[in-house]
Amino acid sequence: RVSLGHAVNALYTSHDPTTRSAADEWLQSFLRSDIAWPLSIQLLSNATDLTSLEALFCARALHVLLRKSVVKPRATQASHAVLVEDDWVNMRSALLALAWNFSVKGVLPNGGVNGGANGGANGGMNSANANCTNEAPPRTVLTQVSLAISVLACKMVSWSADGIVTDLITHFTGIGENGDRINAPTSAKEIVSRWMEGNTPNDPDQHLRLDTDQHAFGEHLLATAGEQCLISILAVLPESCHSKE
């Protein structure tokens, strides 16, 4: 984790060509390693301790890794990874959860920053330092995760071409019998709950008018996040994924 952070920072901020070259070589080696996928997922799942550059690199890494993944019996290139059905299913679950999480963060008022001394007009981000350790940029990361989902949709054999769009619509906008946004993962619901706990109707900094029915307000936020997820993914879903040739 520490080495990854150092390499990303060096690649994008160093003015020394030798340093950047060494960082690029290290990151390319990381992308070829067995820990690239699980570590990127793990770090993005708890993105509050990532710098913006680290978050974007990890999200981009998921897209790159899926582009190099194949469903053939064996890889035709050394850089390709052969995945079995369980791998594709687990990857889809992980990516859909990340999409929910970053979409929720993107729709929360003031960028999801709780009221109080730690809040601010810039959502807690230090605009003078793009590499500060703070919340990752939600919409930008969501775009990268959406690109990864679009690649997976085109390659995952068991994901019926006729059902991809329908499944995405149901997953991100489906409502349960009791009206709950049941498809939102627990992690996304917890993000909303934590934010609501830090904001009250009398909070002068946020200027929010929260109804006494906070459950309904939370459902509204999740519904908005689900719609944003769907729009983001469909915007990058290529027509070619329907044929899966």
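Positions are given from 1 along the sequence.
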- Query: Transitive ILVMFWY cluster of V236 at side-chain heavy atoms under 4.5 Å: who else is in it?
  - Reply: L147
Backbone of [Y] reached by a side-chain donor or acceptor of [X] within 3.5 Å:
X	Y	value
S33	F30	yes
S232	Q228	no
N9	G5	no
K155	R67	yes
R20	S14	yes
T19	H15	no
S103	A225	yes
S29	E25	no

Starting from [Y], can I reach [X] by hopping between I/L/V/M/F/W/Y residues whose side chains sit under 4.5 Å apart?
X	Y	answer
W100	V89	yes
F172	V107	no
I231	I233	no
I149	I164	yes

Distance-minimising heavy-atom pair for [X] and [Y]:
X	Y	answer
A55	L44	O-CD2, 3.6 Å
R139	G106	NH2-O, 3.3 Å
A7	A23	O-CB, 3.4 Å

- Query: Quick check: are there more than 12 heavy atoms from other residues, nucleotides or ligands sitting under 6.0 Å from CG of D16?
  - Reply: yes
- Give me the one residue out of T140, T51, T143 that meets side-chain contact (heavy atoms from CB on, under 4.5 Å) with L56. T140
[X] versus [Y]: any side-chain heavy-atom pair under 4.5 Å?
X	Y	result
L11	L53	no
N101	S45	no
F217	M196	yes

- Query: About how many Å separate CG of L66 and CE of M156, when rounded to the nearest 0.5 Å?
  - Reply: 11.0 Å
